[in-house]
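Worksheet: one structure, shown below.
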Amino acid sequence: MPDEEKLESNTFAGFEPPESRFSPRNIWSQLSEEVDTTLGSLPLLACCFATGLTDGTLYNAYGTFVSMQTGNTVFVALGTSGQNSKPYGWARSLCSIGCFTIGCLAFSRFHKLIGGGRLRRTLFSSFVLQTVCVVIAAAIIQTGIVDGSYPSQRDPADVDFVVLVPIALLSFQAAGQIVNSRGLGVSEVPTVVITSLLCDLVSDERILDPLKKNVKRNRRAAAFVLTLVGAICGGWISKATAAVQPSLWFVAAIKGMITVSWLFLSKVE
């Protein structure tokens, strides 16, 4: 009888009841793990596609970017001399720059507040907020509060400042991506910048190394291609659907999948 009890004890020694595995303590422990950056770069590469998709769509419809702030800076500068091609186009670009800046400040402080940029809970929470922002922006356009037709049916002289709301939301959430890339230590995939990415890519002394020998080069090249493909898709989707919101719902779905992925990516051992 003692032998049977010993065997039974050994059999269940490594078993953890489901209610124990999903206890608040275990869930919090999992959320407190650091994500391995080897695979952690993959969601950021998906963000590059989302960036291209968003900017390719929004620029066509509203004449401004929500991620690429270099172009917006030029648009604001041209607006000071009345050379921006769309009425109050400089205001949309200025709104985007301001909300992107506020987003960088907010996300960076938030990351520091809850423990650091590499923690699973930080990445999950950040992308929940980003997804919510995209969903709200898409819903505002879907419901007709903001004209989402492409090309726009509005008179160019008829300026609707309500369009600043989705621009503000999308610019704010875009800031979260680059803050996440910095927090993870994957700065070679900034997700919202192409200029510095191309410079770092082609000036890399090891650019011709074999595929497995230069991971940063591979990520930079993939980030550029995905951003380009995303922008191409944004243009074609807008043209095919004659609307802005389908691309934004697509971006929201991508962001949602990225959010869930942070819960399953491997941790740092």
Side-chain angles (χ1 to χ4, degrees), residues 37 39-75 93 96-97 99-101 103-104 107 123 126-127 130-131 133-134 137-138 150 166-167 169-204 207 211 214-240 244 246-259 261:
T37 56
L39 292 177
S41 63
L42 297 180
L44 296 179
L45 289 172
C47 285
C48 293
F49 177 83
T51 292
L53 186 60
T54 308
D55 272 347
T57 301
L58 268 289
Y59 178 76
N60 266 342
Y62 306 125
T64 191
F65 299 111
V66 293
S67 302
M68 310 288 183
Q69 299 305 329
T70 303
N72 283 336
T73 303
V74 174
F75 293 155
S93 296
S96 179
I97 294 171
C99 291
F100 182 87
T101 304
C104 288
F107 278 102
L123 294 160
S126 176
F127 273 85
Q130 292 174 44
T131 304
C133 287
V134 178
Y150 175 80
I167 289 174
L169 288 166
L170 294 170
S171 300
F172 180 84
Q173 66 84 31
Q177 296 180 177
I178 189 168
V179 173
N180 286 133
S181 74
R182 295 295 191 266
L184 267 175
V186 191
S187 57
E188 63 271 19
V189 186
T191 75
V192 297
V193 180
I194 290 297
T195 309
S196 61
L197 184 150
L198 283 177
C199 174
D200 292 339
L201 174 63
V202 300
S203 62
D204 187 351
I207 191 172
L211 191 63
N214 193 339
V215 175
K216 289 188 175 183
R217 175 210 53 201
N218 299 343
R219 290 172 178 167
R220 290 182 184 119
F224 172 73
V225 172
L226 286 169
T227 304
L228 176 62
V229 171
I232 292 171
C233 289
W236 278 105
I237 292 173
S238 297
K239 184 177 180 180
V244 172
S247 292
L248 293 185
W249 288 120
F250 189 11
V251 171
I254 293 171
K255 291 273 186 172
M257 289 187 288
I258 293 172
T259 301
S261 74

- Item | Value rounded to 0.5 Å, distance of OG in S93 from OH in Y59 | 9.0 Å
- How are the rings of F49 and F250 set to each other: parallel, tilted or perpendicular (split at 30° and 60°)? perpendicular
- Query: Can you name the nearest heavy-atom pair linking S261 to I258, along with the distance?
  - Reply: OG-O, 2.6 Å
- How close do A61 and V244 get, heavy atom to heavy atom, and via which atoms? CB-CG2, 3.4 Å
Could you list the donor-acceptor pairs under 3.5 angstrom formed between side-chain atoms of residues 230-239 and any protein atom two or more places apart in sequence or on another chain?
from: S238; atom 1: OG; to: G234; atom 2: O; distance (Å): 2.9

- Note on the structure: Note: L248 and A138 closest approach over all heavy atoms is CB-CB, 3.8 Å
- Message: Please report the interatomic distance CD1(I194) to CG(L228), rounded to the nearest 0.5 Å.
- Response: 8.5 Å
- How many angstroms lie between atom CZ of F172 and atom OG1 of T101, to the nearest 0.5 angstrom? 11.5 Å
- Partner residues of L42 under the side chain to side chain contact (heavy atoms under 4.5 Å, CB included) criterion, sequence neighbours left out: L39, L45
- Non-neighbouring partners of S247 that pass side chain to side chain donor-acceptor pair (under 3.5 Å), sequence neighbours left out: T57
- Query: Do the non-hydrogen side-chain atoms of V202 and L198 ever get within less than 4.5 Å of each other?
  - Reply: no
- Taken to the nearest 0.5 Å, the spacing of C47 SG from L53 CG works out to 12.0 Å
- Just jot down the salt bridge (Lys or Arg N to Asp or Glu O under 4.0 Å) partners of R217, sequence neighbours excluded, or say none. none
- Query: Is there a donor-acceptor contact under 3.5 Å from the side chain of T259 to the main chain of F127?
  - Reply: yes
- Note on the structure: Of all heavy-atom pairs linking V251 and A50, the shortest is CG2-O, 4.0 Å
- Query: Taking only residues at least two apart or on different chains, which pairs with a member in residues 47-68 satisfy salt bridge (Lys or Arg N to Asp or Glu O under 4.0 Å)?
  - Reply: none
- Item | Contact check, side chains of V134 and L170, non-hydrogen atoms, under 4.5 Å | yes
- Work out which heavy atom in I167 is nearest to a heavy atom in Y62; give both atom names and the distance. CD1-CB, 4.4 Å
- Query: Under 4.5 Å between any side-chain heavy atoms of F65 and L58, yes or no?
  - Reply: no
- Item | Any donor-acceptor N/O pair, T51 side chain to T191 backbone, under 3.5 Å | yes
- Item | N/O donor-acceptor pair under 3.5 Å between S126 side chain and L123 backbone | no
- Give a yes or no answer on whether the side chain of S181 reaches the backbone of I178 with a donor-acceptor pair at less than 3.5 Å. yes
- Query: Considering only heavy atoms from C-beta outward, does the side chain of D204 approach that of D200 to under 4.5 Å?
  - Reply: no
- Which residue pairs pass the side chain to side chain donor-acceptor pair (under 3.5 Å) test when at least one of the two sits in residues 218-233, sequence neighbours left out? S41-R219, E188-R219
- Decide whether Q69 and N72 meet the rule of one side-chain donor and one side-chain acceptor closer than 3.5 Å. yes
- Query: Are the side chain of S171 and the backbone N or O of C99 linked by a donor-acceptor pair below 3.5 Å?
  - Reply: no
- Task: Any chance you could measure F100, atom CZ, to S67, atom OG, to the nearest 0.5 Å?
- Result: 7.0 Å
- Task: Grab the two heavy atoms, one from C48 and one from V189, that are nearest each other, plus how far apart they are.
- Result: SG-CG1, 3.7 Å
- Query: With a 4.5 Å heavy-atom cut-off, do N180 and Q130 have their side chains touching?
  - Reply: yes
